[in-house]
Each structure stands twice: as C-alpha cells, then as structure tokens.
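The structure appears below as structure tokens.
Note that this is a predicted model, so its numbers are computed, not measured. A note on names: the letters A, B, ... follow the listed sequences, proteins ahead of strands, and every chain is numbered from 1.
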Amino acid sequence: MGFVYIVLHLILLLLLAPLVEGTIRKTKAFWQNREGPGLLQPYYNLIKYLKKDSVISDNASWLYWSAPYLTFASIAAAALLIPSVSPDMTISFAGDIILLCYLFAFARFYMALAGLDTGSAFGGMGSSREMFISAMVEPVMFLALFSIALKVNSTDLSVIAGATASIGLGLMNPSHILAMIAMFIVSLAETGRIPIDNPDTHLELTMVHEGMLLEYSGKPLALMQYSAMLKQMLILTLLGNVFLPWGGLPSIDYIGLLSGSLIYIVKIFILALITATVEIANNKLRIFRVPGLLMTAFFLAGLAVVVQLLLKG
Amino acid sequence: MSTGNMYSQLIDVLSFVTLAITFSVICSRRLRNVFILLSLQAILLSGITGLVAFVSNIKHIYFAAAITLFVKGFLVPAVLLYTLRKISVINRVESFFSTRLNIVIAIILMIISFYVTEPDLLSQNPLARNSLPIAISLVLLGLFIMISRKKALMQVVGIITMENGLYLMTVSTTYGMPLLVELGMFFDLLVGVIIMGILAYRINKTFDTINTAKLNNLKG
Amino acid sequence: MIISENLFYASILTIFTGGLLSCLLSRNFKVSTFIAHIASFAGSLFMLALAVIVLREGDNLAISLFKVTPWASLNILVDSISAFFLLVISLSVLSVSIYSLGYLKEYQSKKAAFLGAVFNLFVLAMYLVVTVDNVFGFLLVWEIMSVVSYFLVITNHREERVRRAGFIYIVMTHLGTVFIFVLFFILYRHTGSLNFSDFQSVGPNLAKNVQNVIFIFSLIGFGTKAGIMPLHIWLPKAHPVAPSHVSALMSGVMIKTAIYGLIRVLFDFLAVSYTWWGITILLIGTFTAFVGIVYALVERDLKKLLAYSSVENIGIILASLGITIILKRYGYGEYAAIALTAGMFHLLNHSIFKNLLFMGAGAVLYATHTKNIDLMGGLIKRMPWTALFFLIGAMSISALPPFNGFISEWLLLQSLLVLGISVPLTSLKLVAFLVAAVLAFSGALVAAAFVKAFGLTFLAVPRSQQAAEAKEVPASMLAGMGISACFCLVLGVLPYLGFKVLSPVTFKITGYSMSTQRGLTDIFMTGARTGLGGITPLAVMGFLVILIFAALILARVLGGKTKTRISETWTCGETLSPEMEYTSTGFSHPFEVVFKTILMPHRVKENSFIVAPYFGGIIKFKSNIKPGFETYLYKPLMDLFLRSSNQVRKIQSGSIHTYLSYIFVTLVILLIFAK
Amino acid sequence: MLPAILLIIPIITASLFLFINKRLHSAINLLGSLAAMVTGLYLSVSVFVNGPVSFASGIFYIDILSAFIIVIVSIISFISTLYSLNYMKVEVMHGSIEAGKMKWYYFLLHLFTSTMLLVTIVNNLGVMWVAIEATTLASALLVGFYNKEASLEAAWKYVIICTVGITFALFGIILAYYSSVSVLGQSSNALNWVALQEIAGKLNPRLIKLSFIFILIGFGTKAGLAPMHTWLPDAHSQAPSPVSALLSGVLLNTTLYAILRFHIIANKSVGNGFSSNLLMIFGLISIAIAVPFIILQYDFKRMLAYSSVEHIGIVTFAVGLGGEMGLFGALLHLFNHAMAKSLMFMVAGNITQKYKTKKMARIKGVLEAIPYTGTMLMIGVLAITGMPPFSIFTSEFIIANAGFSQGKIIAGMLFLGLLALIFTGMFYHAAKMAFGEKPLKIQSGETSVTNLAAMTVPLAFILTMGLYVPPYFREVLDQIVLLLRG
C-alpha cells in the first residue's frame with residue numbers, strides 16, 4: 001500500500017509543478033498590469049516541446065543529451081524524499097535532508113556540464129554563475145535545515161515534517177522565523193528568481209539558468225524545464241511543510257488525505273503568490289551583489305541556530 | 001723564615017718581574033725594544049730555572065737554564081733583530097687597539113688569571129705558589145699580543161711569550177717534563193719553525209708580501 | 001597467523017624483487033617496467049589479503065624483522081588500524097600499478113626502469129610505515145618514504161620548476177619529521193621503550209604539559225606530511241610535477257600515512273586526554289578544507305587543482321578526527337564511532353577517487369602533453385573512456401550520490417549534527433554548526449571546481465592543437481582507472497562493505513562501531529544510520545535508475561517520436577571558434593572576486609591601440625593568484641633566516657687575528673665560568 | 001712488535017719515495033698503504049680478540065679504543081692513497097701540480113698517516129701531544145700543496161692557529177702532569193693515560209678542571225670544534241681531495257680521540273658532569289655554527305668542511321651526553337662519519353676535476369655528466385645529512401635518543417632542529433649539482449676506475465651499516481663503551 005501512496009505523491013507533485021509555475025507567471029503579469037498567458041500555459045509549452053524535433057550542437061557529446069534525463073531523475077528522486085500531503089508518503093528510509101541537498105547538487109552538476117558542452121560562451125557563463133550562486137546558497141540551506149533538525153533531533157524529512165506539524169503554532173519561535181526567512185531567500189536563489197536570476201530572459205547579462213539551457217530544444221528542453229518547475233515545487237513544499245506547519249499533515253485515511261491535499265495545495269499556491277510578489281517588487285541584483293544578499297541569509301540562518309541552541313538550553 | 005720559603009719568595013718576585021716585562025712588551029711602541037725585552041725575559045727565566053735547579057738539586061735543570069739563556073735570551077732576539085733590519089719594516093708596533101686599551105685588557109687578563117687559580121691551587125708546592133697564575137697570564141697575554149698586533153713578527157713574539165709561560169710553568173711546578181716529551185717538544189718546535197719558514201717563503205713568493213693582514217681571501 | 005605472516009613476507013619480497021629486477025633489466029625498459037608493476041600489483045594483492053584477514057579475524061600479526069643495534073630495530077605489528085591502512089594503500093596500488101604499465105610509455109628510456117624500481121620502493125615504504133611497530137623502524141621507513149617519493153617527484157629534473165618543487169617538498173617533509181622524532185623521543189623518555197606496543201594508552205600516565213607537547217608536535221609533524229594549512233605549501237607544488245601515477249599514490253595514499261601517524265599517536269598512545277585537541281584539529285581541518293578548495297577552484301593547472309583538492313580532503317578527514325576526539329572526550333563513544341567512521345571512510349574514498357582523478361589527469365597529460373586546462377577541451381569525444389572515468393571521479397569527489405564520496409560527506413555532516421546536538425557546551429555546539437556550514441560551503445565549491453575541471457577539460461571544442469589531436473590512452477591505463485571507478489560506485493552503493501572493514505578500527509579506538517551485524521539485508525539495505533537519520537544508497541541508486549527510465553518513457557509517451565538534427569552551436573551568427581569558449585579563468589572569475597582576500601588576485605590588462613581608442617589592437621591580459629602563505633608567511637621567515645645567516649657568516653672574516661681572538665675569548669670565558 | 005711495525009711501514013714507504021724512480025710511485029704507494037692497512041687491521045683485530053697490547057716499556061699502549069681508531073685510520077688512509085693515484089695524475093695533467101713534486105706528495109701523505117697512527121698507539125699523553133702536533137706539521141705542507149695563493153693562505157692559518165691551540169693543550173697536559181706527579185711522584189708514567197685513569201679519583205679536581213679547559217680548547221682547535229674551527233674550512237677545502245678526505249675523515253677523529261681520553265679522566269676526577277656539559281655545549285655550538293655556512297655556501301669542498309665541523313660537533317655532543325647510548329652512538333658516528341665524509345670528498349674530487357671548479361653555482365647535471373659519481377653524490381649527501389637507510393641515520397638516531405632519554409629535551413630538540421637545517425642546506429646544493437642538464441662543454445664519462453674503486457669501499461659501509469651493524473662490530477663498540485664508562 002505504501003508504495004502506491006509514494007507513487008501518488010510523486011504524481012501529485014509532477015502534475016502540480018507546471019501549474020505553480022503558471023500561477024507565478026500569472027501573478028507577475030497581474031502585478032505588471034498585463035493579461036499574461038493562462039495558468040495552464042506551462043503545460044502547453046511542455047507538451048509542445050516534447051513533440052518538437054530537437055537540434056543538437058555538433059560539439060555536444062553524450063553528456064549533453066543524457067543530462068536532461070539525469071537532471072530530471074535526480075529532481076524526481078528528491079521529490080520522493082519531501083513529504084507533501086502526509087509525512088508517510090515518502091521513501092524516508094532512503095535518505096534525509098542531506099541527501100536532498102545533494103540530489104539537487106547532482107542535478108546542478110549535470111546542468112552545468114551540459115551548459116559547457118556546446119562550447120557556447122553563454123553556456124559557460126551560465127554554468128559558472130550557477131555554480132557560483134549555488135555555492136553561496138549551500139551553507140545557508142544547510143544551516144537553515146539544521147536549525148530545524150536541531151529542534152527535532154532528526155534529519156529525516158518525514159520526522160521533521162511530522163514533528164513540526166504536531167507542534168503547530170508553538171513552532172513559531174524566533175529561531176524558526178529567522179530560519180524561514182533565510183530559507184525563503186534560498187528558495188529565490190534555488191529556483192532562479194529575481195533578484196538573483198531572471199527566469200524570463202535570455203539576456204546575456206542576467207541569465208544564469210537559462211544560459212545553460214540555451215542550446216536545448218525539443219524533448220531535452222522540455223525535460224530541463226520540467227525539472228526546473230519540479231524543483232521549484234519541491235522547494236516551495238519544503239518551505240510549506242517544514243517551515244509553515246499550520247493545518248498539519250494528517251494521517252493516511254481518505255478524509256485525512258483529502259484535507260491534507262487541500263491544505264497542502266493552498267499553502268503551495270499562497271507561497272507561489274508570495275514568491276511572485278517578492279520577485280516583482282525587486283530588481284535583479286548584479287551578480288557580485290548576490291553574495292551580500294546570501295550572506296544576510298547566512299547570518300539569519302546562523303542566528304536561527306544560535307537562538308535554537310539557547311532555547312533548547 | 002726557612003730557606004725554602006725565602007727561595008720561593010725569590011722565585012715569586014722573579015716571576016712577577018717576568019710578567020712585568022710582558023706588560024712592558026705590550027706597552028712598547030718600538031719593535032726593537034720589544035725584542036730586547038724578550039731577551040730580558042728569557043734571561044730572567046733562565047735565572048729562575050737556575051734557582052729551581054739549585055733548590056731541587058736536579059742536574060739537568062741547569063742544562064735547561066743554559067739552553068734557555070742561549071736560545072731564547074740571545075739567539076731568538078738576535079734573529080728577530082736581524083730580520084727586522086733585513087726586511088726594513090718600519091720600526092713600529094702597530095696595534096688594533098690604543099695603548100691604553102691594551103693595558104686595560106692586559107690588566108683584566110691578569111686579574112682573570114689570578115681569579116681562576118684562587119684559592120691557592122698549588123698550595124702543596126712551595127716553589128710555585130704564584131707561578132701558575134703568572135704562567136696563565138703569560139699564555140693569555142701572549143695570545144693577546146698575537147691578536148692585537150698587525151705585524152707578523154709580533155705574532156712570533158706572542159708565540160714566544162706563550163712558550164715562556166709554559167716554560168715557567170713546567171720549571172717551577174714539575175721541574176720539567178719527562179725526557180721523551182721534552183725531546184718531542186723540541187723536535188716539534190724545530191720542524192714547526194722549518195715548516196713555517198717554508199710556508200713564509202712560499203707566501204712571500206706568491207703574494208709578494210709577508211704581511212699576514214693581507215691573508216684574508218678565504219671567507220665564508 | 002602463519003598465513004598472514006607468509007602473506008606479509010610474500011608481499012614485501014615480491015615488491016622488492018620486482019624493483020630489483022627492474023633495475024637489473026633496465027636495458028629493456030618494457031620488460032623491466034612490466035616486471036616492476038606486476039610485482040607491485042601482486043604484492044598488493046597479498047597485502048590486501050593480509051589486511052582482510054587481520055580485519056576479519058582480529059588476530060594481530062607481529063613479526064620481528066631485524067635489529068641494527070640495541071636501540072635500533074625493526075618490528076612489525078599489524079593490528080586493525082594498520083590493517084585498515086594496508087587495505088587503503090593496497091587498493092590504490094592495485095589500480096595504479098596496472099595504470100602505470102601503460103603510462104610509463106611516456107618515459108621510454110632507461111629512466112622508466114629506474115622509475116619502476118623506485119616506485120616499488122615507494123610502495124614498499126608505505127606498506128612498512130603503517131605496519132612498523134617501533135620508533136626506529138617507523139622513522140626509518142618514514143624518511144625512506146619521503147626520500148624515495150622525492151626522487152619520484154623530480155623525475156623530470158631537467159626542468160628548474162620540478163627541482164624547486166622537489167626541494168620544497170623534501171625540506172618541508174624533513175622539517176616536519178623533526179617534530180615526529182622529538183615526540184617519539186619524549187615518549188621514549190617516559191616509557192623507557194622504543195616499541196609502539198609499550199606506548200599504548202600511556203597518555204594518562206604523562207604530565208599534562210608533556211601530553212600537550214606531544215599533541216602539538218604530532219600535529220605539526222604529521223600535519224606537514226598530510227598537508228594541513230599552512231604547512232601545505234609543498235603539496236600543490238610537488239604533486240603536479242611528479243609523474244601522474246606517482247602523484248596518484250602521493251595524493252591518494254602517501255599523505256594518508258600522516259593521518260595514520262596522527263591516529264596512532266593521539267588515539268593509540270595518548271588515548272586523547274583533552275578536549276581542546278579535538279577542537280584544534282576540527283578548526284584546523286575546517287580551515288584547511290575551505291582554503292584548500294578555494295585555491296583549487298581558481299587553479300588552471302589540472303594536476304595542481306587536484307593537489308589543492310587533496311589539501312581540502314585532508315582537512316575534511318582531520319575535521320572528522322577532531323569531532324571524534326571531542327565526542328569521545330564527552331563520553332559519547334557511539335557518536336564518536338560515527339565521526340571516526342566518517343573520517344576513515346572518507347580517507348578510503350579519497351584515496352580511491354583521488355587516484356582515479358590523478359590517473360585521469362595523467363591520461364590527459366599522456367594524450368595532450370599539457371596540464372593547462374585552458375589548452376584542453378573536447379576530449380570526451382577523443383577519449384571517451386577516460387572522460388567517463390574522470391567524470392565518475394569528479395562526481396565522487398563532489399559527493400554526489402550514488403558514489404562513495406557522498407556517503408562520507410553525509411556521515412561527516414551527520415556527525416557534526418550529532419556533535420551540535422549532544423555536547424553540553426553551547427559554544428561548542430555553535431562551532432559544530434558553523435563548521436557544518438563551512439564544510440557545506442566547501443562541498444559546493446568542490447562541485448564547482450570539478451565542474452570546471454571536467455567541463456573545460458573534456459567538453460566543448462578543443463582549445464589547442466594538442467587537444468584536437470589527442471587519442472585514447474592504452475588499455476592498461478583505462479583498466480587502472482576502471483578499477484578505481486568501480487570501487488567508487490561499489491562503495492557508494494554498498495557502503496556497508498566499507499563500514500564492515502572499518503568496524504574493527506572504530507571499535508578499537510572508540511569502543512563502538514557503526515554496524516556489527518552481518519547478513520545480506522545489511523549489505524544491501526543498510527547504508528548508514530545514525531541516531532538522527534539514515535540513507536540507503538542502493539535504494540537511491542535504484543530510484544535514480546527507475547526515474548531515468550521513467551523520464552525516457554514519459555518523454556516518449558507524451559511527445560511521441562521525434563527526430564534529432566545536428567547543427568552548429570548558436571553564437572549570435574558567428575562560427576564557433578575555441579576562443580569564444582569560456583576559459584578556466586573565466587569560469588572561476590566570480591570566485592576569484594569573492595575570495596579576493598584569500599587569493600589576492602592580480603590582473604593586468606594592457607591595450608595597445610592601432611589607430612584610436614575605438615579601434616582595438618592587441619589586448620594583453622595577465623592574471624595570477626598571489627600565494628598568500630608563501631608571500632606573507634614563508635618568504636619573510638626565509639628572508640629573515642637567510643639574512644641572519646649571512647650576518648653570522650661574517651664571523652669567518654678571513655683574518656687570522658679575528659680567528660685567534662675567538663680562541664682567546666672562548667678560553668677566557670671558560671676560565672671564568674668554570675671556576 | 002706489531003705496533004712498531006705499523007708505525008714504521010708508512011715511514012719506510014714515505015722515505016722510499018725520496019729515492020725511487022717515478023714509475024714505481026704507484027706500486028710503492030699501493031703496496032705501502034696496503035701493507036699498513038693490513039697490519040693495522042690485523043693489530044686491531046688481535047686487540048679486539050686478545051685485549052690491550054703494551055709495548056716498549058709502556059710507551060705504546062693499544063687498547064680497544066685505540067684499535068678502533070686504528071681501524072678507521074688505516075682504512076681511510078688506504079682509500080685515500082688509492083684515490084690519489086689517478087687523482088694526482090689528472091692534477092699533474094691539468095698542470096695544477098708539477099710532475100716533479102709528486103714524490104713529495106707521496107712522502108708527506110705517508111708520513112701524515114704514520115703520525116696519525118702514532119697518536120692512537122701511544123700511552124703517554126705528552127707523546128700524544130707531540131704526535132698531534134706532528135700531524136699538523138705533516139699535513140700543513142699537504143694543505144698548501146697546490147702552492148696557489150688560497151692554499152698557501154689556508155696552510156698558514158692552519159699552522160698558526162693549530163699551533164696556538166696546541167700550545168694550550170700542552171699547558172693543560174702540564175697541569176695534568178703536575179697533579180699526577182703530586183700523586184704518583186716523579187715517574188715517567190705519570191703521564192700515561194692508563195695510570196692517570198687509575199688514579200683519576202685522587203687527582204686535584206680543580207687542577208684537572210683547569211687542565212681540561214686548556215686541553216679542550218687546545219685539542220678542540222685541532223679537532224675543529226667551534227668557535228676554534230676557523231682554520232678548518234680553509235684547510236680542508238684547499239687541500240687536494242684525497243688529503244681532504246684524510247683530514248676530515250681521520251685527522252679530526254684522532255684529535256677527538258685525545259679529547260675523549262682526557263674527558264674520561266676529567267669526568268672521574270671532577271665529576272659533576274663538568275666535562276660532559278662542556279663537551280655538549282661545544283658540540284651544539286659546532287653544529288649550530290655550521291648551519292649558516294652550509295646554507296649560504298658557494299664552494300663545494302668548503303661545504304663539506306663545514307659539515308665536518310658539524311659532525312665533530314655531533315660526536316662531541318654525544319660523548320658529552322655519555323651513558324651507554326650516548327657513547328655507543330658517538331663511536332658509531334665517528335666511524336660512519338669517517339666513511340661518509342671521505343666518500344664525499346672523493347666525490348668532490350671527481351666533480352671538481354670534471355668541471356674544473358669548486359664553485360657549486362657552476363656545477364650542474366652531474367648525474368648526466370658522470371652518472372656513477374652523481375649517484376654517489378646523492379647517496380653521500382643523503383647519508384651525511386642523516387637520511388635513512390644509510391649509516392649516519394642510525395647513529396644520529398641513537399645520539400638523539402640518548403639526549404632525550406637523559407632528559408636533555410631542549411638540547412635534543414636543538415640537535416635535531418639544527419641537523420634538519422643542515423640537511424636543508426646540503427641537500428639544496430647537492431640537488432642543484434646533481435640534477436639538471438649538464439653544460440655542453442662537459443663530456444660525459446667517469447674519470448677513472450680506480451677512483452670509483454676507492455669510493456666503493458666507504459660506499460659499502462654507508463649502505464650496509466644503516467641497516468646492519470655486524471654483531472662483532474657491535475660487540476667491539478660495547479666493549480669500548482664499557483671501557484669509557486670505567
């Protein structure tokens with residue numbers, strides 16, 4: 001039975017991911033006083049890309065065409081670790097938050113290599129910046145996650161999610177809030193949002209993620225973009241279920257599942273709205289200003305740990 | 001006052017005079033005077049030797065006294081004076097230090113010599129109460145002369161002064177060394193002089209000078 | 001006991017005879033190198049068997065080899081710690097020996113034969129270093145190991161740079177050895193014995209200061225060899241200039257012998273008495289790891305990059321040793337076992353993937369005759385196997401699942417968390433979390449460095465003629481790399497194998513071990529589990545594979561069959577030329593800017609205009625990294641030393657008067673003082 | 001009779017050179033030195049087996065310690081004469097030396113050997129003094145043999161400084177004689193060291209203290225202890241290489257032997273570690289003083305000379321440390337250093353003849369130019385700086401261990417640290433010479449087989465003694481240690 005739930009969980013995430021992306025775009029368009037494409041546009045895009053023939057650079061090697069699959073697989077594997085509707089719907093025996101971070105790293109590694117593979121300067125630039133930013137992000141993410149792990153004495157995501165859910169509002173101590181803010185900044189960086197990256201342009205000066213994907217087309221592009229959406233979804237889930245426990249994660253029965261799903265989906269979409277709003281309210285930073293921002297996040301996360309330690313005594 | 005005591009006092013006095021002569025060597029500014037003083041010192045030493053021979057009644061010490069008188073009292077100064085005239089160096093003792101400093105150092109050295117032998121190291125030997133510190137003084141002063149004077153001839157003077165110190169020591173404390181050692185020492189002295197002579201000759205030929213201050217190419 | 005003793009002798013004799021024969025047959029370099037490396041291969045197999053037997057049975061092997069004088073003898077004792085290190089070394093030597101068979105064709109001369117012989121001697125010395133059981137023997141083989149590796153380093157001694165690197169290496173390592181000498185002699189003074197067995201757990205009987213001195217000296221002495229900052233300066237110089245199979249062994253295993261020494265002294269002899277030792281080691285390790293990888297990141301020389309990365313990994317291993325000490329001091333033996341497992345497993349892993357990477361670098365060097373990343377590119381098509389193996393190495397070192405590096409990284413972070421949760425001091429907890437953050441940061445930088453190393457070396461268009469003409473290396477070299485790559489994967493997926501090997505070691509040191517049960521489920525399903533969480537690498541691997549297929553199927557089902565067209569890379573309409581590609585310098589530029597306090601980069605741009613400012617002519621661009629430790633630590637010290645030496649030299653002025661006055665003054669002083 | 005024969009053989013050989021035809025030089029040289037070596041070794045072995053030999057009414061006395069030194073003297077002398085054959089021939093060919101002077105060279109060389117042997121076999125400390133002075137005189141002309149400015153300067157300094165030093169030593173001996181006479185009365189064996197050792201407890205300690213200071217300064221000058229070593233680098237570097245090998249490898253040892261003898265007496269008489277401490281201090285100073293000179297050296301042979309200062313310092317330090325371990329280490333080191341240093345000087349000889357310079361900056365690629373010599377250069381340098389598995393490592397290990405085991409932690413650390421610095425310096429220069437490309441004008445190829453043959457002897461000792469000290473050798477050393485500890 002457990003296996004079915006896990007598959008269900010994965011399918012839920014996979015299905016919702018483009019919709020979240022669509023929501024964010026729509027929200028941004030709203031703030032920009034534009035009509036914007038429909039909420040379902042990302043689905044159409046993906047299907048379209050999947051059906052198109054692809055053009056591959058003559059310089060590219062096997063690594064180039066294998067990268068999208070590996071990226072997708074690793075992000076999807078990460079998806080299996082993050083509890084969405086219920087803490088029990090994960091393969092928690094297989095790994096914890098550390099594995100999660102490293103699965104993201106896996107995806108990034110391949111994306112960056114793929115960016116370099118075609119020989120285009122844009123790809124190289126994208127890879128370089130991606131690795132640069134992710135390196136700055138990593139310690140923040142670990143600290144933020146560790147401050148939570150410290151609270152519940154476990155690095156297992158389902159345990160963390162379960163525990164935070166059962167604590168409920170009592171969770172909202174200063175440490176937690178600090179960690180949450182830090183994690184939010186991390187989520188902006190990890191999902192390639194303004195002020196760190198601009199997902200909407202191919203402009204040389206601003207692109208990071210898109211730079212690496214510049215040469216992709218057809219099916220590989222679809223997979224790459226889908227992976228990105230899924231990753232965004234995962235990060236939001238992480239934020240929602242680990243840092244925002246309201247509503248709780250009910251046990252596995254039909255009503256529980258239903259209510260759980262509902263609460264989960266609402267949380268994710270609220271977070272998506274917030275993300276879009278923050279994005280629209282900010283300017284893209286110069287790349288060398290990014291470390292400053294992340295440094296702030298790092299201090300917040302560090303502070304979260306300190307406070308947590310003091311609270312724990 | 002026993003006779004032994006009287007003799008020992010006499011030897012003491014003579015030893016002090018020997019030391020005083022070395023002091024005057026240090027003060028002198030003329031090479032010629034230095035050599036004459038050396039001769040005087042040797043004559044004194046010979047006198048001491050004779051006295052020791054008389055007191056101890058050992059015959060071969062008389063022989064030593066005679067040899068000293070002849071070799072150190074006349075032969076060596078004569079040779080030195082001859083050399084001085086022959087190589088016609090300016091008849092001045094050149095020192096690295098001022099005369100006053102020289103004397104101060106010499107006095108300090110003497111004090112040190114007495115200091116290190118106090119209290120009476122040789123108390124069992126009535127003849128040589130003070131000869132040990134005086135001998136050490138002479139050795140130190142001889143080396144000091146070698147160090148402080150620029151002329152090669154003065155280095156020889158230094159060596160001779162040291163020798164005199166040793167001699168004073170052997171004579172007054174142990175009535176000379178065993179015969180075999182004495183012979184060996186004489187042999188060494190002889191060969192040493194020859195070898196130094198050969199080297200000096202070669203150096204003179206190669207460097208066109210015998211000034212030791214110029215021999216400082218090997219450094220580091 | 002008999003079997004293991006025979007195995008030991010067989011191994012030593014095989015390796016030695018191989019070296020000797022190789023020397024004797026130096027006229028025919030093919031035969032002689034073959035003999036040398038087959039011998040080291042066979043010898044290592046014996047050693048591996050020996051190690052496994054000792055680890056399984058728990059029987060120590062003790063041999064008294066010979067006695068030079070009453071105080072100088074050579075005894076062997078293989079206990080679990082030694083056996084583990086034997087295992088590490090022999091695994092590395094196995095693959096490197098095979099690799100060398102092909103690699104030595106680079107040195108087609110008489111030199112190759114001697115290289116083979118010296119290589120065998122080096123291997124032999126390493127085996128002995130970790131098994132010798134007394135002070136004289138240890139120092140003997142330790143110094144032999146240094147000297148022999150020096151000769152290996154300066155194989156290309158016609159280049160000034162190589163000679164310099166070799167010199168710095170041997171001097172640093174020798175100065176470090178002085179500290180080792182001292183600490184052993186101090187132990188001798190307090191135990192009256194020169195045997196390691198008599199030093200065991202002697203720590204608590206010693207005075208506090210003595211223990212602390214021994215600790216500091218062992219840290220400096222072994223730290224020099226291990227390459228901790230700031231004593232590491234020889235490492236990024238010596239490892240790159242050595243022939244690659246030698247760098248593989250030096251970086252992969254030789255520097256680990258220093259860790260062996262540290263473990264022996266701190267745990268086995270002193271039985272760690274003070275917490276501050278642990279904190280010191282932890283902080284030094286973290287610092288080393290971080291600064292090491294920052295230097296690696298901006299390096300253009302592939303082998304130098306790898307060397308700096310070794311510095312980083314040594315830092316990680318040291319950090320875990322520090323955690324072990326702290327946890328042990330606070331009485332958390334079980335947790336200490338986790339930390340120690342993390343460190344030792346990382347040691348094993350690093351030896352494997354660093355071997356692999358150096359062999360890969362060697363293969364690239366073999367094919368392109370350059371170590372400069374900026375002159376490579378596009379090798380993945382010309383050398384597909386090398387590229388694959390190098391990629392596996394790069395992924396392992398970047399701690400990506402499902403390779404072995406991830407397991408040890410995971411354990412390390414877990415043990416830091418455990419430290420942060422368990423110790424009673426808040427300040428110490430904070431340190432733990434900070435260290436975790438710094439190590440996570442370094443981990444990300446490692447990934448960046450190896451994206452650069454792999455990406456710029458193997459991907460895109462060749463940037464030089466040599467790279468364009470490169471050909472795949474001989475099969476023996478590939479086989480060597482392949483073995484290591486397999487180890488990477490196997491240990492990554494089935495880390496239980498590693499834990500099993502390690503459990504006697506951790507048990508001996510901490511009284512606990514990570515996993516002690518046997519059985520198939522353990523091997524396949526128990527990855528690693530601490531009090532805080534667990535991973536099952538095999539499951540992760542499985543899910544990854546399933547999901548890859550899922551992705552393939554998904555794309556096919558949803559998108560239908562599509563075609564793929566090959567075309568040029570889009571470069572805004574121009575034709576792609578190698579000059580347009582991102583270079584190593586470009587790739588690491590953002591890091592250079594951010595870490596400018598550490599790296600002190602220096603960039604010069606000279607424009608020479610042909611007509612006017614708007615019509616560019618030649619632009620010259622120079623950029624280099626200032627070696628901070630050398631400029632601000634070693635050079636001033638060196639200058640001071642040389643200057644004062646030069647002052648002292650003035651006493652030999654050449655003047656005979658001065659010389660006599662020395663005698664005079666000495667005499668007077670003695671006369672006065674001796675009274 | 002044997003001691004007398006041992007003494008006479010080199011003298012006869014030496015005097016033969018004054019009469020015989022030039023063509024016979026090589027043969028006589030070889031035969032003479034071989035005979036001396038065989039006699040010396042035979043004599044030593046018989047002493048090792050049968051105990052001390054006394055001869056000529058107690059003037060000659062060979063105990064196990066003297067026999068040990070005789071072994072070193074006779075082996076190195078033989079090697080040096082063997083090496084001289086071709087080396088001097090080449091020097092004559094190069095025009096550095098007139099062909100007619102060769103007989104004087106051999107004459108002095110053998111005479112020098114005989115004086116060194118004399119030092120070791122006499123019982124009377126006075127005669128020992130005479131013999132030591134004789135070694136100076138015999139070797140002074142050898143030092144200045146090239147008759148160039150530098151060598152003459154070196155010889156002059158050698159003679160003058162050593163003579164001054166030795167005068168001090170004589171003073172010390174007179175003092176000792178005096179104090180001995182006051183116990184034994186006027187007798188000819190009042191200076192015999194056996195007698196002295198027996199009555200050491202009764203001697204006036206203050207006098208002996210004074211006497212030991214003078215003797216230490218005096219013989220220390222000759223042995224090359226800092227700061228009285230100043231003549232040593234000049235003399236050892238300017239002499240022809242075979243002579244340098246003798247000077248550094250043997251002569252220093254024989255003088256040190258004299259100090260050792262006196263140390264035993266002083267130690268018994270004064271007690272309180274007085275002489276031991278002095279020896280340790282002088283030993284450490286000698287090691288320390290060598291550091292800057294070795295590191296900033298320009299001349300190959302000077303570097304080796306400073307290394308001799310260092311090693312004499314090591315032995316002195318070890319003797320000062322005393323105890324079973326210290327003395328054992330000292331003796332082993334004495335032997336090892338003699339071998340290693342003579343090898344190094346021969347290597348230097350080969351290299352300087354090939355490159356026609358002693359300036360290290362001009363020597364490059366020795367391994368390519370003269371591969372065997374180059375290999376020996378590397379081995380020699382590693383050996384002399386105390387790297388395993390060569391012999392000096394073992395002795396230095398024992399010495400350092402002795403230091404620490406006696407609680408002299410600071411001294412021990414200084415000792416090890418200074419040695420490491422010296423290693424740095426010597427290895428730097430050696431690596432610069434050995435590696436790299438050889439200059440174009442230098443043709444590769446060894447100078448001669450006899451040179452290499454002479455070098456293999458010390459090489460064999462260096463290679464084996466690090467890992468294997470023959471049991472009988474060890475036993476001899478043990479017995480000497482027993483003798484020295486009284």
Original post:
side chain to side chain donor-acceptor pair (under 3.5 Å) between D:Lys301 and D:Thr352: does it pass, once the steps are laid out?
Top reply: CA-CA 9 Å; D:Lys301 285 179 75 179; D:Thr352 46; over 6 Å; no
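Using modelled atom types, one finds no donor on one side chain facing an acceptor on the other under 3.5 Å when comparing D:Thr135 with D:Thr115.
D:Tyr105 and D:Phe145 have their aromatic ring centers within a separation under 6.0 angstrom.
Per-residue heavy-atom pair counts under 4.5 Å with chain B were compared for D:Asn147, D:Val159, D:Val127, and the maximum is reached by D:Asn147. No other option in D:Gln297, D:Lys209, D:Lys157 has as many heavy-atom pairs under 4.5 Å with chain B as D:Lys157. No other option in D:Leu125, D:Leu296, D:Asp299, D:Thr167 has as many heavy-atom pairs under 4.5 Å with chain B as D:Thr167. For chain B, the option among D:Leu170, D:Ile173, D:Thr136 with the highest count of heavy-atom pairs below 4.5 Å is D:Leu170.
For the pair D:Lys103 and D:Phe107, the cation does not sit on the ring face, since its NZ or CZ is not both under 6.0 Å from the ring centre and inside 45° of the axis.
Counting only heavy atoms from C-beta outward, the side chains of B:Gln41 and B:Leu19 never approach each other to under 4.5 Å.
B:Leu143 touches chain D through its side chain: at least one heavy atom from C-beta onward sits under 4.5 Å away, while N, CA, C and O do not. Looking at D:Phe293, the atoms closer than 4.5 Å to chain B (heavy atoms on both sides) all sit in the side chain, from C-beta outward.
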